[in-house]
Every structure is written in structure tokens, then in C-alpha cells.
2 protein chains.
Amino acid sequence: MTANKAETADIPYPGRVSQPALRERRRQQTEREICDAALDLFERRGVDQTTVDDIAAAAGVSARTFFRYFATKEAAALVSHVDLDDRVEQMLDDLAPGRPLLAQLEDMWGEILTALDDGRSDAGRLVLRVRRLMLAEPALRQAAVSIDAQRLDAFVARATAALDLDDDLGTRVTVQAAGVAVRVAMDRWAEARDSGDRIDLLATYAAACRHLHTMTAPGHP
Amino acid sequence: MTANKAETADIPYPGRVSQPALRERRRQQTEREICDAALDLFERRGVDQTTVDDIAAAAGVSARTFFRYFATKEAAALVSHVDLDDRVEQMLDDLAPGRPLLAQLEDMWGEILTALDDGRSDAGRLVLRVRRLMLAEPALRQAAVSIDAQRLDAFVARATAALDLDDDLGTRVTVQAAGVAVRVAMDRWAEARDSGDRIDLLATYAAACRHLHTMTAPGHP
DNA sequence: CGCCTTGTTGGCAGTCACTGACACAATTCC
DNA sequence: GGAATTGTGTCAGTGACTGCCAACAAGGCG
């Protein structure tokens with residue numbers, strides 16, 4: 001006991017520390033509550049009929065606190081798509097210079113979309129809600145597109161560095177093109193679900209990738 | 001003389017009418033003045049250090065009038081890239097179902113970029129100014145990306161209709177991918193010019209298109 | 001030339017997103 | 001337990017954007 005105490009006091013043991021994580025847990029909980037409230041209100045009243053005060057009140061915080069968690073109203077609904085970042089990091093670590101970049105990107109996205117389990121997992125349900133909202137709400141769509149672009153730009157920079165290239169033009173084109181396939185697939189998916197069709201996300205993504213490949217084929221209409 | 005007078009009074013002759021266009025000319029002039037003022041102030045002070053009141057004052061109108069011309073501060077600097085629309089319309093009219101869509105899109109964009117004359121024409125200079133600003137101003141970049149996305153979506157809808165397709169997934173992918181090549185090329189172009197390099201816009205665009213084609217080639221690193 | 005309709009403008013008031021500064025309370029450190 | 005750190009609420013302020021109304025200019029018409 002005393003030994004443990006001394007140990008934890010010395011070095012913050014990962015998984016063993018329970019006290020210093022209290023703040024962190026509270027923070028995550030608050031973030032989640034704000035996000036839930038925002039999503040809920042956006043769905044019911046629409047984005048422009050929802051004020052930040054509304055969201056903050058529904059989440060039980062002040063408006064000032066809201067802005068300590070999210071920079072804009074829209075960002076609250078577009079909270080990062082969960083463990084996406086982990087997979088991206090891993091992909092950058094595993095980058096193989098010999099293999100086509102596009103193939104590696106498609107594998108990565110394929111795995112990320114697989115984790116959504118066609119909207120059956122918690123993460124998948126959340127993403128589906130958000131993508132549906134985006135169809136009807138230009139403000140959300142605009143914010144999402146912008147965040148997306150920033151993310152892809154950052155990814156390009158890191159991938160170019162990892163591959164040790166002196167010209168990133170090809171990387172930019174490839175990463176953005178792969179991103180197009182994902183975006184188009186998710187859009188189509190959300191649209192179909194919105195009108196009752198139960199199309200499969202992964203199959204749609206595969207179709208989008210196929211189009212990306214065949215569009216550059218020599219004799220293609 | 002009297003005959004002419006009667007004629008113009010009867011039917012508004014296109015090209016012959018000079019009076020009723022007075023309002024229209026004033027409107028375009030005001031729009032241009034606002035746009036110039038915005039661009040100038042953005043370049044000198046930065047976007048967030050420029051208020052709508054500043055722009056309006058510099059253009060000689062009230063803030064209220066500013067918003068009758070542009071929905072947002074950023075939109076004033078992103079005024080439509082001139083005769084782009086004409087070329088797009090023409091391309092939609094000439095759409096050949098038998099020829100690869102990507103090739104037709106690349107032709108269209110190639111012509112539009114050619115008209116910019118590598119930044120030597122008036123339109124080219126304007127575009128270069130705006131793209132340079134976008135590099136340093138996230139707010140402008142965000143607005144531009146968003147407008148771009150809307151335009152491409154509209155284009156997809158019209159192209160799909162023109163081609164009489166029942167599935168627009170391929171059209172979406174192809175149009176967006178072609179858009180990626182253009183955006184990447186213009187970004188690179190503006191960046192290079194910003195740091196003193198005089199790279200050629202059209203050559204950069206051609207390189208981007210090449211990457212778009214080779215990235216899907218079988219044995220490509 | 002007057003008259004009427006219509007489009008354009010400016011001023012004003014109001015809402016709302018977002019920010020900085022400060023005081024206060026909850027955690028964490030020691 | 002006390003001190004340093006960190007999260008939160010309140011308040012005041014800026015600035016984007018909108019609706020409303022009155023003034024005014026432009027074009028059509030007798």
C-alpha cells in the first residue's frame with residue numbers, strides 16, 4: 001500500500017492513475033453532453049433556429065463554457081469521428097514507399113468505414129445522424145467540408161514527409177482523390193438511408209473506388 | 001430618329017437599349033467597387049482586421065448596402081471567376097456520352113485555366129490575387145472551398161441529367177476528382193508565385209492530371 | 001412635364017456568434 | 001491543510017447579419 005502510494009506519487013502510471021483523471025473524465029463527459037444536446041436540437045429545430053444559449057442550457061453549462069469546448073456552433077455536431085485518428089497515425093507509420101499510395105489509402109479508409117459497421121455500431125449511428133443532418137443543413141455541410149479539407153491538408157504534409165518526397169503534388173492529388181471517394185460514398189449512404197433505402201456503406205464505398213479507377217481507363221464512356 | 005425612338009419604346013432591342021441599362025450598369029459598378037475595396041483591405045490588413053464597415057466605407061456605400069450585394073464579408077473577395085459559367089454551360093451542351101467524362105472535364109478546365117493566361121490577363125491577375133490571399137487567410141479558404149463544393153454539386157446534377165443516367169455515383173466521383181486536380185494546381189501555382197517561383201499554371205495543371213491518371217495505374221509506387 | 005410604380009439606398013434597432021477580463025470554485029499538488 | 005492550477009460563470013463589448021421604414025432616384029405613361 002505505502003509502496004504503491006509512493007510509486008504513483010513518483011511516476012504517473014498509465015492505467016493505475018485514478019485521481020488525476022477526474023478532471024479529464026469530467027471534461028469528456030461535458031463535451032459529450034454538449035455534443036448530444038447540439039445534435040438533438042439541430043435535428044429537431046434546425047441549425048439556424050438553435051442558438052448557442054439553447055445548446056448550452058440543454059447541456060447544463062453557460063454559453064461561455066460552450067465556446068471553451070467548441071469554436072463554433074456547428075463544430076459541436078461535428079465532433080471528431082472517434083478513433084479515426086488512431087487508424088490514420090498507424091497508416092502513416094506503416095507507409096510503404098513501394099506500394100501505390102492510393103491502395104494504401106483505400107485500405108485505411110476501408111477499415112475506418114468498416115468500424116462504422118454500416119451504422120450499427122455506436123460510432124456508426126452517430127456518423128449516420130450527422131451525415132443525415134448535413135444533407136438538410138448547408139451550414140453544417142460547409143463546416144464539415146472545411147474541417148475535412150484541413151484534415152486532408154495536414155495528412156498530405158505528414159505523408160509527404162514520411163515518404164521523403166520533394167514534390168507533394170502527386171500526394172495532394174492522390175489523398176484528395178481518395179477523400180473524394182469517401183465523401184461521395186458517405187453522402188450517397190446518408191441520402192439513401194434518409195429516403196428509406198438500406199444500401200450498404202462499404203459496398204457503396206467500393207463502388208466509388210471502382211469509379212475512381214475506371215474513370216481513367218482508356219476506353220471508358 | 002423618330003422611327004428609332006418608337007422602336008426602342010416598343011421592344012427592348014438587345015444591344016440597342018441604352019437607357020434602361022443605367023440601373024444595371026450602376027449595380028455592376030457598385031459591385032466591382034465593393035469587391036475591389038474588399039480585396040485591397042484584405043491584402044493590406046488581413047480579413048479579420050477588416051470590418052464590413054471598413055469595406056463599405058472604402059467603396060462609398062453603407063454597410064446595409066454591402067449586404068445587398070454580398071451575403072458575407074468573404075464572398076466579396078470571391079466574386080465569380082468571370083466567364084467561367086459560360087464555358088461550363090457550353091460544356092454541358094456539348095456533353096458527348098460516348099467519350100470519357102474525365103477527358104471532357106479536363107478539356108473544359110484546361111480551356112478555363114488557359115483563359116487566365118498564367119496570371120497575365122486581367123482575370124488571371126485577379127484570380128492570382130485571390131488565391132494568394134486564400135493561402136494566408138483560413139476564413140477565405142473556408143468560404144472558397146464551400147462555394148466550390150456547391151458549384152460542383154450543381155454541376156454533377158446537371159451533368160447527370162444531361163447524360164440521362166439513373167446513377168450519379170460515377171459522375172460525382174469523376175467531377176469531384178477533376179475538381180481536385182484544378183484546386184491542387186491552383187494552390188501550387190499561387191504558393192509558388194508567392195515565394196517568387198514563376199511556375200506555369202497550365203503545366204502544373206497538366207502535371208496534376210497526370211498524377212490523377214497514374215495513381216490508378218497497376219504498378220505505381 | 002407631372003404622376004405613379006418600382007428598385008435602390010441609408011439609418012435604426014435588434015439578434016446572435018464569439019471574445020477578453022475578472023472573480024470564484026473545484027482539483028490537484030505538496 | 002494551504003498553495004498552485006484549472007474549469008466555470010458573469011459581464012461587457014465587438015462585429016456580422018437581418019427586418020423595417022422612410023427617402024430618393026429611375027423608368028414608364030398620360
Side-chain angles (χ1 to χ4, degrees), chain A residues 5-13 16-34 38 41-42 45-57 59-78 137-140 142-143 146, chain B residues 5-13 16-34 38 41-42 45-77 138-140 142-143:
Chain A
K5 222 176 187 176
E7 223 176 69
T8 53
D10 250 55
I11 311 153
Y13 237 48
R16 178 66 190 73
V17 273
S18 53
Q19 262 89 54
L22 198 154
R23 264 185 174 143
E24 183 58 23
R25 265 185 293 135
R26 281 242 170 125
R27 213 184 149 71
Q28 287 183 358
Q29 185 186 342
T30 308
E31 182 174 312
R32 179 156 209 87
E33 273 164 13
I34 294 174
L41 287 170
F42 286 170
R45 298 186 211 165
V47 172
D48 15 311
Q49 288 306 309
T50 303
T51 71
V52 171
D53 285 313
D54 291 338
I55 303 173
V61 296
S62 72
R64 191 65 187 85
T65 295
F66 174 93
F67 285 111
R68 290 199 179 96
Y69 283 84
F70 299 102
T72 67
K73 195 168 66 160
E74 292 79 18
L78 300 172
E137 299 282 354
L140 269 191
Q142 172 167 356
S146 175
Chain B
K5 222 176 186 175
E7 223 177 71
T8 52
D10 249 54
I11 312 155
Y13 238 49
R16 180 68 190 75
V17 271
S18 52
Q19 263 88 53
L22 199 153
R23 268 183 171 146
E24 183 59 21
R25 266 185 292 132
R26 282 241 170 128
R27 214 182 149 73
Q28 287 183 357
Q29 185 185 342
T30 308
E31 182 175 312
R32 178 156 211 86
E33 275 163 12
I34 294 175
L41 287 170
F42 286 170
R45 298 187 211 165
V47 173
D48 14 307
Q49 287 307 308
T50 304
T51 71
V52 171
D53 286 310
D54 291 338
I55 303 172
V61 295
S62 71
R64 190 66 189 84
T65 296
F66 174 93
F67 286 111
R68 290 201 179 92
Y69 283 82
F70 299 102
T72 67
K73 195 168 66 159
E74 292 79 17
L140 269 191
Q142 173 169 354

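As the structure is a prediction and not an experimental result, all values here were calculated from the model. Lettering of chains follows the sequences in order, A, B, ..., and the numbering in each one begins at 1. Computation of the quantities below employed the complete heavy-atom set of this structure, encompassing side-chain atoms and omitting hydrogens, waters and symmetry-equivalent molecules.
- Atom pair A:E31:CD and D:dG7:C1' shows a separation of 14 Å (rounding to whole Å applied).
- In this structure, CZ of A:F70 is placed 18 Å from C1' of C:dT19, rounded to the nearest angstrom.
- B:Q49 places its CD atom 12 Å from the C1' atom of D:dT14, with the value rounded to the nearest Å.
- The nearest whole Å value for the distance from the CG atom in A:D48 to the P atom in C:dC16 is 12 Å.
- As rounded to whole Å, 14 Å separates atom P of C:dA17 from atom CD1 of A:I34.
- The closest side-chain heavy-atom distance from B:F66 to B:D53 is not below 4.5 Å.
- As rounded to whole Å, 14 Å separates atom P of D:dC17 from atom CG of B:D54.
- Residues meeting the salt bridge (Lys or Arg N to Asp or Glu O under 4.0 Å) test with B:D54, sequence neighbours left out: B:R45.
- In this structure, the CZ atom of B:F67 is 19 Å from the P atom of C:dG14, given to the nearest Å.
- Note: CD (A:Q29) to C1' (D:dT8) measures 15 Å, nearest angstrom.
- Under the salt bridge (Lys or Arg N to Asp or Glu O under 4.0 Å) criterion, no residue pair touches residues 63-72 of chain A, with sequence neighbours excluded.
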> What does nucleotides 4-13 of chain C look like as a protein-contact string, B for base, S for sugar-phosphate only, - for none, at under 4.0 angstrom between heavy atoms?
Replying inline: --BBSBBBB-
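- In this structure, the side chains of B:V52 and B:F67 come closer than 4.5 Å at one or more pairs of heavy atoms.
- Within the 4.5 Å cutoff, side-chain heavy atoms of B:E24 are placed close to those of B:Q28.
- Put simply, the side chain of B:F42 does not reach to within 4.5 Å of the side chain of B:E74, judged on heavy atoms.
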